[in-house]
There are 2 protein chains.
Amino acid sequence: MATPPPGLRERKKQATREALREAALRLAVERGPDQVRVEEIAEAAGVSPRTYNNYFASREQAIVAAITADREARIAAAVTARPATTRLADAVTEAVVEQYTDTGEQARETLLLITAKSALRDAFLDAAAGIEPPLTTVIAERLGDTDPCTARVLAASVAAAVRIALENWLQPSGTTTDARSVGTSGLVVPSGSLPGLLRAALAPLAPAFDAAESPQQP
Amino acid sequence: MATPPPGLRERKKQATREALREAALRLAVERGPDQVRVEEIAEAAGVSPRTYNNYFASREQAIVAAITADREARIAAAVTARPATTRLADAVTEAVVEQYTDTGEQARETLLLITAKSALRDAFLDAAAGIEPPLTTVIAERLGDTDPCTARVLAASVAAAVRIALENWLQPSGTTTDARSVGTSGLVVPSGSLPGLLRAALAPLAPAFDAAESPQQP
DNA sequence: CAGAAAAGATGCGTGTAAGCAATTTTTCGA
DNA sequence: TCGAAAAATTGCTTACACGCATCTTTTCTG
């Protein structure tokens with residue numbers, strides 16, 4: 001639509017980006033998250049270490065980006081895909097749950113890798129904040145002429161709620177670093193399934209969405 | 001209440017913390033934010049550079065901490081200070097506005113210093129996220145038996161809204177592609193006073209607070 | 001009051017984030 | 001088609017964040 005040839009320059013940038021993501025994830029899975037240096041990732045992707053930092057601010061970002069991929073854009077698309085008749089709160093909630101539950105097949109195993117290292121955990125949680133900008137756009141479209149600040153606040157609140165849900169999810173209740181016991185069924189984890197946690201975290205925001213949709217001044 | 005002698009150990013920690021904050025701010029004002037090295041701040045405070053990083057994760061954190069002080073605790077206290085009869089949404093809004101408007105006298109000039117450097121701007125915005133934990137506590141107290149996750153989500157949403165308000169505030173004229181098209185409603189507030197921006201950003205969250213206060217399932 | 005335990009502070013070393021200037025590559029206008 | 005402007009990549013360099021081991025200081029317990 002915008003650019004049938006998106007520009008050769010841009011394509012190479014995306015190719016480099018994906019090469020870095022892929023290399024980072026592969027090396028992290030192969031030899032463990034801590035046994036990977038930026039220099040090696042850059043070498044595997046065929047660029048210089050300096051270029052690596054032009055794409056990712058930290059070593060962990062590339063790894064989580066590989067499994068997160070472009071989840072932000074997918075969530076935004078999932079919201080617009082829902083019929084305009086549904087409550088905005090429901091549309092957003094379902095879109096978020098949908099895109100976070102079917103994380104794919106291989107991603108499931110790599111997620112276990114992430115939960116182990118706290119540095120990766122943090123990067124993973126920070127990555128969740130990336131849904132805010134696209135969410136702002138789609139929410140603003142749905143709200144129409146309302147103050148654009150409202151859309152931003154709602155989007156940011158959703159991002160915060162998602163983060164909280166994820167925190168509760170990958171919190172094995174163990175203060176110690178290593179708790180790899182993938183318990184059978186009766187885990188001590190007070191948390192439930194990820195979809196459930198996401199819905200629980202997003203539920204308190206529903207009234208705010210409803211109020212924003214129906215312009216009434218109390 | 002807890003410890004009339006808060007422990008000599010803790011007092012020394014706080015003293016060191018304040019010495020670092022003070023030294024960082026003083027040096028930053030004197031010679032500019034970029035002409036200050038961590039080593040110098042540490043030396044001025046009488047500790048080693050390594051110790052500096054035990055208190056602050058980055059160089060900018062110490063500077064913004066000097067003017068932010070313990071605003072987080074003050075906001076939480078301001079919320080509890082309000083009578084329990086007021087709407088929780090109003091209590092939180094007023095507490096936030098109150099603690100952010102009277103930034104003090106000298107703080108006003110140092111704020112101008114902050115707005116100049118983008119690195120300091122980011123640190124300042126990140127510092128706003130610090131209000132989330134204490135807010136979570138006070139909100140949970142007000143909500144009582146409600147799901148504690150709700151309190152966290154609301155507190156995080158408030159923190160996000162505050163951040164957005166601050167972003168809009170210290171944004172002279174959007175360098176980014178900011179098409180501030182004047183809506184038909186004419187209620188576009190590109191950049192007003194800080195209290196106004198804070199209220200505007202927190203307003204959309206009021207329905208969520210109301211719903212959380214009155215347990216009704218629609 | 002003394003010794004043990006806990007918490008800090010410090011020095012050292014490594015890996016990472018980022019500024020700067022030079023070089024190469026892509027894009028755009030003549 | 002060609003040359004100039006713009007953008008990206010890269011090497012070099014500096015400063016910073018952080019883990020680890022050690023030593024000192026405070027606190028707790030007998």
Side-chain angles (χ1 to χ4, degrees), chain A residues 2-21 23-24 27-28 31-65 116-123 126 175-178, chain B residues 2-21 23-24 27-28 31-65 116-123 126:
Chain A
T3 54
L8 184 140
R9 198 183 199 81
E10 200 62 24
R11 272 184 293 167
K12 290 192 69 172
K13 277 190 66 171
Q14 290 306 323
T16 301
R17 192 176 201 84
E18 185 166 344
L20 283 170
R21 287 192 302 206
L27 291 176
R31 53 175 93 167
D34 287 345
Q35 270 57 43
V36 180
R37 289 204 297 268
V38 170
E39 186 182 354
E40 304 173 286
I41 300 176
E43 187 189 16
V47 296
S48 76
R50 182 66 184 84
T51 297
Y52 174 91
N53 282 350
N54 288 347
Y55 284 90
F56 298 102
S58 74
R59 184 183 74 243
E60 292 81 9
Q61 271 192 15
I63 302 177
V64 300
K117 272 300 163 188
S118 65
L120 283 179
R121 275 184 10 132
D122 295 345
D126 289 346
T175 54
T176 54
T177 55
D178 193 305
Chain B
T3 54
L8 184 140
R9 198 181 198 82
E10 200 63 23
R11 271 183 295 166
K12 289 191 70 171
K13 277 191 66 171
Q14 291 304 324
T16 300
R17 192 174 203 84
E18 185 166 343
L20 283 171
R21 286 194 302 207
L27 290 176
R31 54 174 93 168
D34 287 345
Q35 269 57 44
V36 181
R37 288 204 298 268
V38 170
E39 186 181 354
E40 305 173 286
I41 300 175
E43 188 189 16
V47 296
S48 77
R50 182 64 184 84
T51 298
Y52 173 91
N53 284 86
N54 288 346
Y55 283 90
F56 299 102
S58 73
R59 185 181 73 243
E60 291 81 8
Q61 270 192 16
I63 302 177
V64 300
K117 274 297 164 188
S118 66
L120 283 179
R121 274 184 12 132
D122 296 345
D126 289 346

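Letters go in sequence order (proteins before strands), and every chain restarts at 1.
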Check this one for me: any side-chain N or O of [X] less than 4.0 Å away from OP1 or OP2 of [N]?
{"X": "A:N53", "N": "C:dA17", "value": "yes"}
{"X": "A:K12", "N": "C:dT25", "value": "no"}
{"X": "B:T51", "N": "C:dA9", "value": "no"}
{"X": "A:Y52", "N": "C:dA17", "value": "no"}

Rounded distance (Å) that lies between atom [atom2] of [N] and atom [atom1] of [X]:
{"X": "A:F56", "N": "D:dT9", "atom1": "CZ", "atom2": "C1'", "result": "16 Å"}
{"X": "B:K13", "N": "C:dA6", "atom1": "NZ", "atom2": "P", "result": "17 Å"}
{"X": "A:Q35", "N": "C:dT14", "atom1": "CD", "atom2": "P", "result": "16 Å"}
{"X": "B:E60", "N": "D:dA17", "atom1": "CD", "atom2": "C1'", "result": "12 Å"}
{"X": "B:Y55", "N": "D:dC18", "atom1": "OH", "atom2": "P", "result": "16 Å"}
{"X": "A:E10", "N": "D:dA8", "atom1": "CD", "atom2": "P", "result": "8 Å"}
{"X": "B:D34", "N": "C:dA17", "atom1": "CG", "atom2": "C1'", "result": "15 Å"}
{"X": "B:E39", "N": "D:dT14", "atom1": "CD", "atom2": "C1'", "result": "13 Å"}

Per [X] side chain, nearest of listed nucleotides [options]:
{"X": "B:S58", "options": "D:dA17, C:dT16, C:dG11", "answer": "D:dA17"}
{"X": "A:R37", "options": "D:dT9, C:dT16, D:dC16", "answer": "C:dT16"}
{"X": "A:N54", "options": "D:dT9, C:dA18, C:dG15", "answer": "D:dT9"}

Using modelled atom types and a 3.5 Å cut-off, is there a donor and acceptor pairing between side-chain atoms of [X] and backbone atoms of [Y]?
{"X": "B:S48", "Y": "B:T51", "answer": "yes"}
{"X": "B:Q61", "Y": "B:A57", "answer": "yes"}
{"X": "A:E40", "Y": "A:R37", "answer": "yes"}

Want to settle it: does A:R50 or B:G46 sit nearer the 5' end of DNA chain C, counting the closest nucleotide to each?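 Nearer the 5' end of the strand: B:G46.
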
Nearest 0.5 angstrom please: A:L20 CG to A:Y52 OH, how far? 7.0 Å

Side-chain contact test, heavy atoms from C-beta onward, threshold under 4.5 Å: evaluate it for B:Y55 versus B:R21 and give yes or no.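 No, every pair of side-chain atoms sits at 4.5 Å or beyond.
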
